[in-house]
2 protein chains.
Amino acid sequence: MEEKNIEKYHGADECPITATIDVIGGKWKPPILWLLLKGPMRFGELHKTIPGMALKVLSRTLKELETDGIIIRKAYPEIPPRVEYSLSPKGESLRQIMTLLSDWSREHIMGEVMTEHSK
Amino acid sequence: MEEKNIEKYHGADECPITATIDVIGGKWKPPILWLLLKGPMRFGELHKTIPGMALKVLSRTLKELETDGIIIRKAYPEIPPRVEYSLSPKGESLRQIMTLLSDWSREHIMGEVMTEHSK
DNA sequence: CAGGATCCGGCAAGATACTG
DNA sequence: CAGTATCTTGCCGGATCCTG
C-alpha cells in the first residue's frame, strides 16, 4: 500500500509548525523576543523601544509569552514599581530559530544578497 | 556610552523575524508548506489532506505563497484541469527552518523528547 | 511606573453557491 | 477539477480611560 506517510490536518493547530509559530508569531512577539534575546528589559523600556505598539497590546503579549513559559516576569516590590522581563531557558532555546528566521529574511526578503551561489 | 545596539521598532514590520513569519506564518501556510516539503501536490489533494480549510482560503493562501515566490503553480491545459503545486528553490531554502520549528514544538510543546542530540 | 478594563474597527477566515 | 463570488463572523490589534 505505498501510502506516503502524509498526515491529515483537520485543524491548523495539528501542524507542529503552526504550534511553534503560535508561540513566537503574531504581530508583536517577534520584536519583543528579538529584544529580550539581547538581555532583560523593563516594561517601560520595551514600550519606548517599540513605540508603535499600544500599552495594552504590550502587556497582553507579555502575559501570553509568560503563560507559554517563554519569558519570566520579575516584579520588584518597590515604589515606584519595577518589573523586568527576561527569557526563560525555554525562551533561550529559541535563539537559533530566531537567528535563522532573521537571516532568512535578510537573504530572501530585504533583498540582500550574500552568496548568490545558487545557479 | 556603551549603548546597546538596540533598534527601535515603530512598526512590527521592521522586525526581520516578523518579515519571515509573514511569509511562512498565518493560520494555514505552515501545514501547506509542511506537506509540499514532502513533494508536489495537486489542488484537490491539498484540499483533501487539510479538510479543515475552506476552499477559498486554500486558493488564496496558495496565491500568496506563489506571489512571495515560495511555491510554483503549474497548470496543465487538460480536461479536466490539473494544477500542481511545488516548492520553488526559495521555498526549499526554508526546509531547515521548518524542520527546526517542527522539532521545537515536539520538544517544548507536545512534550516529547526525541533525539536529544543537541547538547 | 506598570498595568487592567472597555469599546471599537478591520481583516482574515468560514460557509455556501456558482463557473470555466 | 480547480477554482471564483458573496456574505457573515470571529478574533486580533488599537485607542482611551482608569487603578495599585
Side-chain angles (χ1 to χ4, degrees), chain A residues 9-15 17-19 21-33 35-36 40-68 71-86, chain B residues 9-15 17-19 21-33 35-36 40-68 71-86:
Chain A
Y9 296 109
H10 302 82
D13 49 321
E14 295 168 25
C15 176
I17 314 279
T18 298
I21 290 190
D22 279 347
V23 173
I24 66 172
K27 188 163 185 178
W28 295 107
K29 284 180 186 177
I32 292 175
L33 291 175
L35 289 171
L36 291 183
M41 286 183 102
R42 297 179 56 177
F43 185 85
E45 212 173 347
L46 284 166
H47 177 50
K48 276 177 298 183
T49 310
I50 316 179
M53 177 176 44
L55 279 176
K56 187 195 92 171
V57 179
L58 174 57
S59 68
R60 195 186 41 185
T61 305
L62 289 170
K63 202 176 297 174
E64 272 185 58
L65 289 169
E66 193 194 358
T67 299
D68 286 336
I71 65 174
I72 293 171
R73 187 191 115 111
K74 172 147 193 176
Y76 297 85
E78 308 171 349
I79 301 294
R82 180 160 64 102
V83 179
E84 210 170 65
Y85 292 91
S86 60
Chain B
Y9 295 108
H10 301 83
D13 49 319
E14 296 168 22
C15 176
I17 314 279
T18 299
I21 290 190
D22 279 346
V23 173
I24 66 171
K27 188 162 185 180
W28 294 108
K29 284 180 186 176
I32 292 175
L33 292 175
L35 289 170
L36 290 183
M41 286 181 100
R42 299 178 58 176
F43 185 88
E45 212 173 348
L46 284 165
H47 178 52
K48 276 177 296 182
T49 310
I50 315 179
M53 178 176 43
L55 278 177
K56 187 193 89 172
V57 179
L58 174 58
S59 69
R60 198 189 39 180
T61 304
L62 288 170
K63 205 175 296 175
E64 270 186 58
L65 289 169
E66 192 193 359
T67 299
D68 286 337
I71 65 174
I72 293 172
R73 188 193 115 109
K74 173 146 193 175
Y76 298 84
E78 310 171 348
I79 302 294
R82 179 160 65 101
V83 179
E84 209 168 65
Y85 293 90
S86 59

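Residue numbers start from 1 in every chain, and the chains themselves are labelled A, B, ... in the order their sequence lines are given, proteins ahead of strands.
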Between C1' of D:dC1 and NZ of B:K48, the distance in whole Å
10 Å

If you define the side chain from C-beta out and look only at heavy atoms, does anything of A:I50 sit under 4.5 Å from A:L35?
yes

d(CZ, B:R42; P, D:dG3) in whole Å
10 Å

DNA chain C: first to last nucleotide in contact with chain B (atom under 4.0 angstrom from a heavy atom), 5' to 3', is C:dA12 to C:dG20

A:I50 CD1 to D:dG14 P, straight-line distance once rounded to whole Å:
11 Å

How long is the straight-line distance from CG of B:L65 back to CD1 of B:I72, given to the nearest 0.5 Å?
12.0 Å

Could you state the atom-to-atom distance from CD of B:E84 to P of D:dA2 in whole Å?
10 Å

Taking the side chain as C-beta and beyond, is there a heavy-atom pair between A:W28 and B:C15 under 4.5 Å?
no

Per A:R60 side chain, nearest of listed nucleotides D:dG13, D:dA2, D:dG3
D:dG13

Looking only at non-hydrogen atoms, find the nearest pair between A:I21 and B:P30 and report the distance.
CD1-CG, 4.1 Å

Is the phosphate of D:dG14, meaning OP1 or OP2, less than 4.0 Å from a side-chain N or O of A:W28?
yes

Identify the two heavy atoms, one from A:Y85 and one from A:L36, that lie closest to each other, and give their separation to 0.1 Å.
O-CD2, 3.5 Å

Between protein and nucleotides 16-20 of chain D, what N or O pairs are separated by less than 3.5 Å?
none

What's the shortest heavy-atom distance between B:K48 and B:P51, and which atoms?
O-CG, 3.6 Å

Between C1' on D:dG3 and CD1 on B:I79, what's the gap in Å once rounded to a whole number?
13 Å

In whole angstrom, what separates B:Y85's OH from D:dC1's P?
15 Å

Between D:dG3 (C1') and B:L46 (CG): distance, integer Å
13 Å

Spatial distance of atom CE (B:M41) from atom CG (B:L46) [nearest 0.5 Å]:
5.0 Å

In terms of heavy-atom contacts, A:V57 and A:T61 come closest through O-OG1, 2.6 Å

Contact nearer the 5' end of DNA chain C, comparing A:K63 with A:P80
A:P80

When rounded to the nearest 0.5 angstrom, what is the spacing between CG in A:D22 and CD1 in A:I17?
11.5 Å

Taking every non-hydrogen atom, the tightest pair across A:K29 and A:I24:
CB-O, 3.5 Å

Tell me whether the OP1 or OP2 atom of D:dT4 has a side-chain N or O from B:S59 closer than 4.0 Å.
yes

For A:T18 and B:K27, which heavy atoms make the closest approach, and how far apart are they?
OG1-O, 4.1 Å

Kindly calculate the angle separating the two end axes of the helix from C:dC1-D:dG20 to C:dG20-D:dC1, each obtained from five base pairs, and round it to 10 degrees.
50°

